[in-house]
S.K.: 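I have a structure I would like to understand better, so I am pasting it below and will then ask my questions one at a time.
The analysis underlying the following values was restricted to heavy atoms, covering all of them including side chains, and did not include hydrogens, waters or symmetry mates. Counting starts at 1 for both ligands and their atoms, in listed order. Since the structure is predicted, the reported quantities are computational estimates derived from the model, not experimental observations.
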Amino acid sequence: MTTFQIEQTYSNYINGEWVKATSGETEPSINPANRKEVVGYVPTSGVEDLNRAVAAAKEAAKDWRRLSGAERGNYLFQAANVLERRADEVAEAMTREMGKTLPEAKGETLRGVAILRYYAGEGMRKTGDVIPSTDSEALMFTTRVPLGVVGVIAPWNFPVAIPIWKTAPALIYGNTVVLKPAQETAVTAAKVMECFEEAGIPAGVLNLVCGRGSVIGSALAEHPDVGGITFTGSNEVGKRVGGAALARGAKYQLEMGGKNPIIIAADADLDLAVEATISGGLKSTGQKCTATSKVIIERKVYDAFKEKLLSQIQEIRLGDGMSSGSWMGPCASEGQLNTVLSYIQKGQDEGAVLLAGGKRGDGPGLEEGFYVQPTVFEGVESHMSIAREEIFGPVLALIAVDSLEEAIEAANDSDYGLSASIYTQNVGAMLSFIRDMDAGLVRINAETAGVELQAPFGGMKMSSSHSREQGQAAIEFFTAIKTVFVKS
Ligand SMILES: NC(=O)C1=CN([C@@H]2O[C@H](COP(=O)(O)OP(=O)(O)OC[C@H]3O[C@@H](n4cnc5c(N)ncnc54)[C@H](OP(=O)(O)O)[C@@H]3O)[C@@H](O)[C@H]2O)C=CC1
Ligand SMILES: O=C(O)CCC(=O)C(=O)O
């Protein structure tokens with residue numbers, strides 16, 4: 001039983017107050033499981049709203065950066081407690097707004113709680129080193145200072161975890177924040193913000209401005225008072241955001257797409273490998289940057305693996321994420337559904353063989369939702385769009401290979417390098433994979449998706465701007481190093 005109510009109107013959170021967009025305009029946030037349900041009305045803000053938020057954050061930064069890490073950490077501990085208490089309500093907002101199943105949404109919300117607690121603790125950790133000076137009478141050391149105002153541009157696929165894993169380190173290291181959530185999940189973002197408000201976060205330290213990415217997101221990236229921009233989303237927009245920050249000398253961090261392979265070696269435990277392929281590829285309807293997309297199988301076990309995979313895919317139950325019988329919810333929006341369907345069409349046009357799915361999800365209860373069937377192709381060749389481009393949907397491309405070397409080559413044949421897995425029992429194969437796989441996350445006998453909040457997260461090649469998020473790695477982006485030389 002939760003207190004979440006649909007059809008409320010939400011506001012921006014600027015300088016400690018809930019305020020409407022200056023224009024007064026709002027737009028409906030629709031439930032992707034039922035396009036007729038309005039989850040809530042969210043502001044369509046303009047640049048003047050964003051400017052007010054940045055000004056508030058700039059003013060608040062003066063006092064916030066002077067607090068001790070422990071004092072800032074206490075606010076994060078409080079926010080974690082509130083979010084934990086309100087986890088059911090926040091998770092329900094997420095499921096209704098972007099479609100992932102309620103257990104996944106609850107898991108993500110509790111992950112948000114854990115991230116807040118982790119970074120709250122970071123407020124007590126060291127921020128520098130003493131370095132011996134060549135002058136025996138001097139003291140030389142490094143310390144770290146915040147960037148000032150940090151702009152967070154977040155996507156819709158992890159509407160709690162991603163804003164929190166960007167915001168929490170920004171705050172603990174002394175920055176203030178302006179968050180621009182994906183418009184698709186602005187209700188969930190407002191719920192998270194309510195938790196910070198209830199935790200007593202000082203006015204201006206954390207601000208929320210909802211609106212179109214092309215208006216609010218780009219103005220945030222271009223704003224002269226924003227010292228750092230952290231972005232997760234598409235490559236196309238990421239490059240634009242990075243370019244805008246670079247042009248004015250601001251720091252930027254981009255986490256973008258993936259085309260993540262799983263390798264099934266001839267000695268793999270096929271039951272576990274199938275389970276990981278399904279979970280990694282199809283949970284959250286394939287809408288994770290770490291989702292499994294290319295399934296590269298040694299020919300000796302290709303037929304056995306395929307048979308097991310197809311038989312389990314048939315068991316997948318599509319449905320509203322709020323219903324306990326649903327394993328896979330809808331795509332997050334109609335646009336996302338159309339993108340996935342267009343890739344399925346391209347797969348067929350380019351000569352891949354459709355083995356399962358391939359259509360909109362239909363059947364009782366699915367009529368008004370953006371459902372797509374879990375889809376499997378075989379005969380996929382490296383030049384095909386479904387082997388190269390991020391689909392962000394429940395589509396698996398099976399690729400047969402003759403050896404481990406060929407498998408790693410196929411896995412690396414990508415512009416992306418975020419996450420990659422191998423299923424094998426051979427230590428030599430594991431070590432070759434760890435050494436030769438060009439990905440920021442390499443996972444052995446584990447699915448490609450699922451990141452641990454205390455470990456660095458980020459990709460190679462076009463998947464990221466080569467920085468890392470999460471864990472202690474976050475300090476590198478959210479602070480600048482100052483080298484201090486002291487002589488009496
Ligand atoms: N790496 C990941 O985890 C994600 C990858 N993607 C990939 O991107 C594809 C498209 O998804 P989409 O939601 O359109 O991704 P976008 O890159 O458009 O959206 C990500 C964030 O950027 C904002 N944004 C949009 N345009 C601009 C702009 N010009 N300047 C600054 N910010 C902007 C969005 O706002 P708004 O809400 O207004 O659009 C949103 O907050 C997906 O199919 C998937 O392949 C998408 C989401 C997450
Ligand atoms: O796999 C995960 O848990 C994280 C995925 C992610 O960061 C993303 O999809 O943006």
S.K.: For Tyr10 and Trp18, I'd like to know if the aromatic rings sit close, meaning centre-to-centre distance below 6.0 Å.
M.R.: no

S.K.: Show, in sequence, the C-alpha distance, side-chain angles and deciding distance for Lys308 and Glu275, and conclude whether the salt bridge (Lys or Arg N to Asp or Glu O under 4.0 Å) test is met.
M.R.: CA-CA 10 Å; Lys308 280 178 193 283; Glu275 202 181 297; over 6 Å; no

S.K.: Do any nitrogen or oxygen atoms of Gln287 come within less than 3.5 Å of a nitrogen or oxygen of ligand 2?
M.R.: no

S.K.: Please report which non-hydrogen protein atom sits nearest to atom 7 (O) of ligand 2, along with the residue it belongs to and the distance in Å to one decimal place.
M.R.: Trp165 CH2, 3.1 Å

S.K.: Will you find, in the side chains of Glu389 and Tyr343, an N or O donor that is under 3.5 Å from an N or O acceptor?
M.R.: yes

S.K.: For Asn157, counting its heavy atoms only, list the atoms of ligand 1 lying under 4.0 Å from any of them.
M.R.: 3 (O), 48 (C)

S.K.: Minimum distance, heavy atoms only, to atom 9 (C) of ligand 1: which one of Gly211, Pro163, Ser234, Gly213 is it?
M.R.: Ser234

S.K.: Compute the shortest N/O to N/O distance between Gln336 and ligand 1 and return yes if it is under 3.5 Å, no if not.
M.R.: yes

S.K.: Does a side chain donor of either Lys283 or Thr101 reach within less than 3.5 Å of an acceptor in the other side chain?
M.R.: no

S.K.: So for ligand 1, is Thr232 a polar contact partner (N or O within less than 3.5 Å, distance only)?
M.R.: no

S.K.: Tell me: protein heavy atom nearest atom 1 (O) of ligand 2, and distance?
M.R.: Thr290 OG1, 2.5 Å

S.K.: Is it true that Ala221 lies under 4.0 Å from ligand 1, counting heavy atoms only?
M.R.: no

S.K.: Got an N/O contact under 3.5 Å between Gly450 and ligand 2?
M.R.: yes

S.K.: Give me the residue, atom name and distance of the protein heavy atom closest to atom 7 (C) of ligand 1.
M.R.: Glu390 OE1, 3.5 Å

S.K.: In ligand 1, which numbered atoms sit nearer than 4.0 Å to a non-hydrogen atom of Ala154?
M.R.: 21 (C), 40 (C), 41 (O)

S.K.: Any non-hydrogen atom of Ser333 lying under 4.0 Å from ligand 1?
M.R.: no

S.K.: Going by the order shown, which atoms of ligand 1 are within less than 4.0 Å of some heavy atom of Val241?
M.R.: 31 (C)

S.K.: Minimum distance, heavy atoms only, to atom 30 (N) of ligand 1: which one of Ser218, Ala182, Ser463 is it?
M.R.: Ser218

S.K.: Please enumerate all residues that pass side-chain contact (heavy atoms from CB on, under 4.5 Å) together with Glu17, with sequence neighbours excluded.
M.R.: Val19

S.K.: Do any N/O atoms on Thr339 end up under 3.5 angstrom from N/O atoms on ligand 1?
M.R.: no

S.K.: Answer with side chain, backbone, both or neither: which part of Ile162 has a heavy atom less than 4.0 angstrom from an atom of ligand 1?
M.R.: neither

S.K.: Is any heavy atom of the protein nearer than 4.0 Å to atom 14 (O) of ligand 1?
M.R.: no

S.K.: Among protein heavy atoms, which sits nearest to atom 47 (C) of ligand 1, and what does the distance come to when rounded to 0.1 Å?
M.R.: Pro155 CB, 3.5 Å

S.K.: Could you tell me whether atom 38 (O) of ligand 1 has at least one protein heavy atom nearer than 4.0 Å?
M.R.: yes

S.K.: Heavy-atom distance to atom 6 (N) of ligand 1: which of Ala186, Pro181, Gly233 wins?
M.R.: Gly233

S.K.: If you measure every N or O of Ile162 against every N or O of ligand 2, does any of those distances drop under 3.5 Å?
M.R.: no

S.K.: Contact between ligand 1 and Phe231 is defined here as a heavy atom of the residue under 4.0 Å from a ligand atom; is it met?
M.R.: yes

S.K.: Show which atoms of ligand 1 fall inside a sub-4.0 Å distance from at least one heavy-atom site of Gly217.
M.R.: 30 (N), 31 (C), 32 (N)

S.K.: Where is the nearest protein heavy atom to atom 10 (O) of ligand 2: which residue, which atom, and how far?
M.R.: Cys289 SG, 2.9 Å

S.K.: Please report which non-hydrogen protein atom sits nearest to atom 3 (O) of ligand 2, along with the residue it belongs to and the distance in Å to one decimal place.
M.R.: Arg111 NH2, 2.9 Å

S.K.: Is there a donor-acceptor pair closer than 3.5 Å between any side-chain N or O of Arg360 and the backbone N or O of Leu341?
M.R.: no

S.K.: Flag Ile153 as yes when one of its N or O atoms lies below 3.5 Å from any N or O atom of ligand 1, and as no otherwise.
M.R.: no

S.K.: Could you go through the side-chain contact (heavy atoms from CB on, under 4.5 Å) check for Phe457 and Thr290 one step at a time?
M.R.: CA-CA 10 Å; Phe457 172 60; Thr290 48; 3.8 Å; yes

S.K.: Would you kindly check if the NZ (Lys) or CZ (Arg) of Lys288 is within the cone defined by 45 degrees around the ring axis of Phe158 and under 6.0 Å from the six-membered ring centre?
M.R.: no

S.K.: Considering only the protein, which heavy-atom contact is closest to atom 12 (P) of ligand 1, and what is its distance?
M.R.: Trp156 NE1, 3.8 Å

S.K.: Considering only protein heavy atoms, which is closest to atom 1 (N) of ligand 1, and at what distance to one decimal place?
M.R.: Met256 O, 2.9 Å

S.K.: Please list, in number order, the atoms of ligand 1 under 4.0 Å from a heavy atom of Arg212.
M.R.: 38 (O)

S.K.: Compute the centroid of each ring, for Phe392 and then for Trp156, and state whether the two points are separated by less than 6.0 Å.
M.R.: yes

S.K.: Ile296 and side chain to side chain contact (heavy atoms under 4.5 Å, CB included): which partner among Ile262, Ile422, Ile263?
M.R.: Ile263

S.K.: Have a look at ligand 1 and work out which part of Arg240, if any, has a heavy atom under 4.0 Å from it: side chain, backbone, both or neither.
M.R.: side chain

S.K.: Check this for me - ligand 2, Lys288, N or O atoms closer than 3.5 angstrom, yes or no?
M.R.: no

S.K.: At what distance is the nearest protein heavy atom to atom 4 (C) of ligand 1, and which residue and atom is it?
M.R.: Phe392 CZ, 3.4 Å

S.K.: If you have a sec, work out which protein heavy atom is nearest atom 18 (O) of ligand 1 and how many Å separate them, to one decimal?
M.R.: Val237 CG2, 3.6 Å

S.K.: Under the criterion side chain to side chain contact (heavy atoms under 4.5 Å, CB included), which of Val152, Leu50, Ile229 is the partner of Val178?
M.R.: Leu50

S.K.: Rounded to the nearest 0.5 Å, what separation is found between the CG atom of Leu272 and the OG1 atom of Thr277?
M.R.: 10.5 Å

